[in-house]
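Reviewing the structure listed below.
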Amino acid sequence: MPAIVSRYRSHTCGQLRSSDQGQRVRLSGWVHSYRDHGGLVFIDLRDREGLTQIVFDPDTCGQAVHDEARKLRSEWVISIEGAVGPRGQGLVNPRLATGEIEVHASQLEILSQSPTPPFLPDFEVADADAPKEERRLQYRFLDLRRAEMQQTLRVRHQVTRIMREYLGALGFWEIETPFLTKSTPEGARDFIVPSRLQAGSFYALPQSPQLFKQLLMVGGCDKYMQIVRCFRDEDPRADRQAEFTQLDVEMSFIDRQDIIGHMEGLLVQIWKEVLGIEISTPIPHMDYDQAMNLYGSDRPDLRFGMQLHDITELAHTTDFGVFKNAPMVKCIVVPDGAKMTRAQTDALALWSKEYGAKGLAVTKVSGEGFDTGIAKFINPIAGQIIEMTGAKNGDLLCFAADKPKIVHRVLGELRLKMARDLQLKPSSQFAFVWVVNFPAFEYDEQEKRYSSTHHPFTAPLDEDLKKLDGRDQETIESIRSKAYDIVCNGSEIGGGSIRIHRMDTQQKVFSLLGIDDAAQKLKFGFLLDALQFGAPPHGGIAFGLDRMVMILRNIGNIRDVIAFPKTQSGADIMCGAPSPIDDRQLKEANIRSIMPVIKPPAASE
RNA sequence: GGGGGCGUAGCUCAAUUGGUUAGAGUACCGGACUGUCGAUCCGGUGGUUGCGGGUUCGAGCCCCGUCGCCCUCGCCA
């Protein structure tokens with residue numbers, strides 16, 4: 001990208017080529033590195049676009065400028081003027097885009113000096129000697145200077161630009177929705193904001209603009225999009241941050257397939273422009289049931305096999321108590337896993353307990369039968385299992401026997417872990433799948449009530465609508481919804497649904513969720529009102545921008561795709577947020593802290 | 001809230017069973033050097049071992065507490 005020409009520069013540090021030889025240019029940027037030969041001084045000058053080698057030769061720039069150049073240090077900001085020249089024979093640097101040329105400086109202006117920085121922005125996160133993340137977060141402005149971070153921010157910008165262009169061309173309007181809004185009773189924990197003007201009342205930051213975008217449809221806006229921050233006050237994870245960004249989309253007078261088709265087009269465009277990769281369409285669909293049965297997950301990673309095999313019936317024919325009495329028995333085949341040691345398989349069993357398993361049964365395929373582990377209990381069905389699973393000599397079989405929920409969870413996670421360990425996940429491959437026909441409701445054992453699998457505004461499939469009047473658990477759990485998730489490489493990068501646009505249906509769903517008439521009126525009165533006054537059929541989707549960029553850049557840590565992320569305790573260790581506020585601010589907000597001691601902020605300096 | 005890992009020079013790490021003056025690479029400072037691009041060569045500075053207690057003749061190492069970071073379970077409609 002060319003420079004915006006100003007008094008500071010005629011070109012960027014990534015721009016000049018051998019065709020520019022002879023030109024007088026002015027470049028500005030940071031001193032990336034310096035090599036002082038006494039007579040000659042070489043500076044690699046860096047800006048967003050790249051590196052250019054600057055040469056200070058006393059014969060060209062004069063003794064005074066040369067003396068100044070010898071004082072330059074890492075990360076000083078300078079501006080130079082000079083002539084573009086060829087590099088001599090054998091002096092071309094093929095690792096630099098500008099490596100065929102160098103600029104022979106005639107002038108030097110020091111714009112900013114810097115003390116020795118805590119680290120130099122010349123590493124990659126994967127380097128063995130890369131600074132700790134904590135340090136990078138503390139000096140984020142230095143970390144952002146690294147080529148790797150700049151490339152990620154560039155991709156992130158590219159993605160949002162494509163989203164706006166693509167959807168804009170289809171007639172979507174970008175409309176903002178409030179950040180100071182009403183606490184939502186369902187879902188994640190809200191971030192809350194005290195009201196100064198209404199003492200004792202609080203706003204909540206939106207977990208998503210869900211209701212507002214539906215109201216925009218009722219408001220006749222027809223096609224809405226927004227790239228918007230969402231807030232959920234839950235513990236972060238490697239792929240989760242308390243504040244994150246969604247591409248939020250909603251359309252009127254459409255059905256599921258309309259949304260899926262248009263959003264596929266958007267994904268195709270993004271992958272094409274950012275990576276030069278053609279996603280093959282149509283992206284396959286998979287029923288939720290099938291995903292759970294074959295992959296133990298509602299976001300299956302389809303880059304590799306290792307599917308779950310249901311051997312419940314066979315298992316019930318054995319005398320092995322663990323199998324005989326379990327509601328479900330399934331297994332996966334770990335290719336070439338028989339070489340794992342007893343200690344390793346024992347470690348797997350221990351690991352599986354994290355996911356609720358009582359244990360993990362294993363055995364190794366040896367010739368026509370099984371060897372070690374639970375072999376002696378199940379050798380009578382060995383032939384059938386081998387036939388059913390296609391297991392080969394030298395493979396490891398891992399079994400889970402429990403309630404379906406736990407069996408799927410444990411084997412689903414084990415499948416991913418084995419693929420990681422065996423490096424079966426090619427990072428250059430992208431396996432997309434739409435997961436559809438989710439159950440609308442699930443019974444929450446702890447709360448003793450139903451909750452929405454997606455959210456309470458998701459429409460049930462038409463053929464399941466009448467089941468909303470059902471009372472028994474089996475009927476209610478068999479209701480499927482018009483929800484859909486887009487999954488890529490085992491990561492849910494988007495999800496949406498066709499919404500309920502009829503007040504009576506919405507009321508039935510609320511009632512089923514245990515929200516009585518009074519509570520409905522109090523919490524969702526405005527939505528029911530809106531549905532009453534002429535709501536068009538509508539539906540939409542939201543994409544997780546952070547996760548999409550993670551996949552596009554093959555980055556495993558969400559903090560590395562966010563310019564200013566927070567730590568696992570929700571802190572910004574650069575600026576020291578969150579921090580205590582003084583009594584006057586508390587009083588103005590009409591709140592009082594119950595914390596006796598206020599610890600000092602963790603800010604640097 | 002639970003489980004696990006980590007915290008030593010500016011940065012990345014090492015330090016035997018608890019034992020002399022806590023080392024290395026890199027960065028930094030000074031010097032030499034006109035074709036380097038991980039420059040090279042010579043010399044040098046640099047430590048509250050996260051913090052607070054305890055045990056011991058003696059603690060980077062052991063014990064208790066505490067703070068911070070990472071992974072993970074719970075949580076995330």
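Between A:I54 atom CD1 and B:G35 atom C1' there is a gap of 15 Å when expressed in whole angstrom units. A:Q138 places its CD atom 11 Å from the C1' atom of B:G10, with the value rounded to the nearest Å. Atom pair A:H32:NE2 and B:U36:P shows a separation of 19 Å (rounding to whole Å applied).
Residue A:R499 is tested with A:Q506, A:E250, A:Q214, A:H538 for a side-chain hydrogen bond (donor to acceptor under 3.5 Å, both in side chains); the sole match is A:E250. For the side chain to side chain contact (heavy atoms under 4.5 Å, CB included) with A:L108, the qualifying choice from A:I43, A:I78, A:D67, A:V41 is A:I78, the only one to do so.
Under the 6.0 Å cut-off for aromatic ring centres, A:F231 and A:F179 qualify, their centroids lying closer than that.
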Base versus backbone protein contacts along nucleotides 69-77 of chain B [heavy-atom cut-off under 4.0 Å; B, S, -]: SBBBBBBBB
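In this entry B:G30 has B:C42 as its Watson-Crick or G-U wobble partner, both defining distances falling under 3.5 Å.
A distance of about 15 Å separates the C1' atoms of B:A39 and B:A27, rounded to the whole Å. B:G43 sits 12 Å from B:G25 when the P atoms are compared, rounded to a whole Å. Taking the P atoms as reference points, B:G4 lies 15 Å from B:U66, given to the whole Å.
A salt bridge links A:D464 with A:R480; the closest basic N to acidic carboxylate O contact falls under 4.0 Å.
Here A:D36 lies in heavy-atom contact (under 4.0 Å) with a base. Nucleic acid contact for A:D59: base, since at least one base atom lies under 4.0 Å from a heavy atom of the residue. At the heavy-atom level, A:Y34 lies under 4.0 Å from the strands shown only through sugar-phosphate atoms.
By the stacking rule of 5.5 Å between ring centres and under 30° between planes, A:F42 stacks on the base of B:U36.
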Could you pull out all donor-acceptor pairs under 3.5 Å where a side-chain atom in residues 28-39 of chain A meets a protein atom, sequence neighbours excluded?
from  : atom 1 : to    : atom 2 : distance (Å)
A:S28 : OG     : A:Y8  : O      : 2.6
A:S28 : OG     : A:S79 : OG     : 2.9
A:H32 : ND1    : A:R46 : NH1    : 2.9
A:S33 : OG     : A:R35 : NH1    : 3.2
A:S33 : OG     : A:D44 : OD2    : 3.2
A:R35 : NH1    : A:D44 : OD2    : 3.2
A:R35 : NH2    : A:D44 : OD1    : 3.0
A:R35 : NH2    : A:Q53 : OE1    : 3.0
A:D36 : OD1    : A:G38 : N      : 2.7
A:D36 : OD1    : A:R70 : NE     : 3.4
A:D36 : OD2    : A:R70 : NE     : 2.9
A:D36 : OD2    : A:R70 : NH2    : 3.3

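A close approach under 4.0 Å does occur between a side-chain nitrogen or oxygen of A:K132 and OP1 or OP2 of B:C13. In terms of phosphate contacts, A:R135 brings a side-chain nitrogen or oxygen within less than 4.0 Å of OP1 or OP2 of B:C11.
Proximity note for A:E102 (side chain, C-beta onward) versus B:U12, B:C33, B:U36: the nearest is B:U36. Minimum atom distance to the side chain of A:P58 is reached by B:U34, of the listed B:U34, B:C37, B:U8.
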